[in-house]
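Residue numbers count from 1 along this sequence.
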Amino acid sequence: MTDVPDLDAPRLAQTLAEVEDALLSRWPETRLEPSLDRIRAFTELLGEPQRAYPVIHLTGTNGKTSTARMVDALLRQLDLRTGRFTSPHVENITERISIDGEPLDADGFVRAFNDVAPFTHLVDAAEPHPLSFFETVVAMAFAAFADAPVDVAVIEVGMGGSWDATNVADGTVAVLLPIAVDHARYLGDSAAAIAQEKAGIIKPGATVVVADQEPDVVAVLLARAVEVGATVAREGLEFGVVSTLPAVGGQMVSLQGLRARYDEIFLPLHGAHQAQNAAVALAAVEAFAGDQPLDGDLVAAAFAEVTSPGRLEVVRRSPTIVLDAAHNPHGARALSQAIDDSFTFAPLIGVVGLMDDKDAEGLLAELEPHLAHVICTQNSTSRALSADALAEVARTVFDEDKVTVAPRLADALDQAAALAEAGEAFGDPLGSGAVLVTGSVVTVGEARTLLLPPGARGGRER
């Protein structure tokens, strides 16, 4: 790393709280100025740490974090040291930067911040706009991975692709997960328009692993691949899911990879979409690893240890409480299909809290056939859609007597649990009710904090 300049640099942080305060004082993740100039200037000052290792780069509307965790698990089974950057975090900011499957601990995150902090003010002074929260954390991850050092970095795009701060890294493998309309005010109001932005992570000579997409999205991605001379592997053609069978705690899957077929793989995650994510992750790692098939036992071992907090995660029994971070109609549709495939809850009570820029009506409409009652709540962030505003939308989707307002999430959880336990009130004398918490990663993260003891949260994928 370049020597720290002898200038009036910011004071180094002593605690994780000080790091969070410093980061949150910057532009929030939702304030965008489409340019890579700041992050390029920043990484140049840091010595281009993102060039120190090969990168597997992931974008898409839904499924990025789960797939990134699967890619990471497979790579570690190949005895490769991994770095993984994902966003947003579910509970703790340290989750965003992982090395060898472990999020940085508080001290490690402070060190990562202090490594880059002396250079932030130089970029702030030189550029028309200051570095954002997200740009700073991305640079922290790049530098931490170079310092480790890692053999390969798994990098999840924050939003979009072309102008995302992670795109100063060039992926050896570019992964395009399903693309649908989300963040329309920033990325475009059609899937094809959004695909134009996300296709920006496809770099010359890369291998592009493309999940199942709408035809107009495929056309955009293929055009970009041809333009830059990238090799394309498409789900349903070169790789895909052969079969799935529900199993206790997840599902048994057979996957056709790029190099071989892998049968009888236990995936401890629910939902057909997670099986598809597994096929994409497998293809990405095969593309990265070379021309030979992966060892089947290693593949099985990798998938068996995968976790994805807040993604159809059962966190409590009696009644069952399930957390899922679906935050747009596309994600809610996958969630609904997974409920049909993997669970038999009656009644299912929804606790829903969204951000104010999301398609609340579209998300609720996807969930309506499954929810006997919905409790509208809100998370603690300033971007949260108020519980009352959400309820107004909910009453256009559900019968009015099926909608309750509970602004405090803890109250919403208590009320939902009571309704789920009183199954006979909904025509189910067995009382096999459950609670589904959904609508936002933040809502799910705050629920997870309330529902799980600290020792059961976070940690390595095992």
Side-chain angles (χ1 to χ4, degrees), residues 32 34-44 48-61 63-64 67-68 71 75 83 85 135 138 141-142 145 151-180 183 186-188 190-240 257-259 279-291:
L32 303 180
S35 169
L36 295 180
D37 291 346
R38 292 176 302 281
I39 188 66
R40 281 184 178 138
F42 199 11
T43 53
E44 285 174 7
E48 301 281 10
Q50 77 279 13
R51 310 289 180 204
Y53 36 77
V55 168
I56 298 177
H57 203 179
L58 302 92
T59 190
T61 302
K64 296 187 294 295
T67 307
V71 169
L75 292 169
F85 176 79
E135 288 165 337
V138 166
F142 288 156
F145 297 158
D151 298 314
V152 54
V154 183
I155 306 292
E156 175 187 331
V157 161
M159 186 187 300
S162 295
W163 301 112
D164 188 78
T166 63
N167 206 33
V168 293
D170 294 331
T172 302
V173 178
V175 177
L176 281 296
L177 289 149
I179 295 172
H183 301 295
Y186 307 115
L187 302 178
S190 72
I194 292 171
Q196 293 278 1
E197 170 66 16
K198 293 185 183 292
I201 74 162
I202 301 173
K203 302 297 177 63
T207 298
V208 187
V209 176
V210 180
D212 187 42
Q213 308 282 358
E214 295 296 325
D216 55 347
V217 169
V218 172
V220 171
L221 301 181
L222 292 181
R224 170 66 178 178
V226 170
E227 177 189 347
V228 300
T231 302
V232 177
R234 290 172 55 183
E235 182 183 358
L237 295 176
E238 286 80 15
F239 71 93
L258 298 179
R259 314 290 183 233
V280 170
L282 176 62
V285 173
E286 286 180 309
F288 178 81
D291 295 332

Hey, are D212 and R234 close enough for a salt bridge, meaning a charged N less than 4.0 Å from a carboxylate O? no
Over all atoms of both residues, closest heavy-atom pair of A199 and L221: CB-CD2, 3.9 Å
Evaluate whether atom CD of E214 has more than 12 neighbouring non-hydrogen atoms of other residues, nucleotides or ligands under 6.0 angstrom away. no
Can you give me the closest heavy-atom contact between S162 and Q196, atom names plus distance? OG-O, 4.2 Å
Between OH on residue Y53 and OG1 on residue T172, distance to nearest 0.5 Å: 12.0 Å
Are the charged groups of E135 and R38 less than 4.0 angstrom apart, N to O? yes
From N167 atom CG to Q50 atom CD, the distance as rounded to the nearest 0.5 Å: 10.5 Å
Check F239 against V209 and note the closest heavy-atom contact, atom names and distance. CZ-CG1, 3.6 Å
Here the pair of heavy atoms bringing L58 nearest to A68 is CD2-N, 3.9 Å
Measuring from T43:OG1 to L36:CG, what's the distance to the nearest 0.5 Å? 9.5 Å
Worked verdict on K198 versus D164 for salt bridge (charged side-chain N to carboxylate O under 4.0 Å, His left out): CA-CA 9 Å; K198 293 185 183 292; D164 188 78; over 6 Å; no
Distance col, row T59:OG1 vs H57:NE2, nearest 0.5 angstrom, shows 7.0 Å
Separation between CD of E197 and CD1 of I179, rounded to the nearest 0.5 Å: 10.5 Å
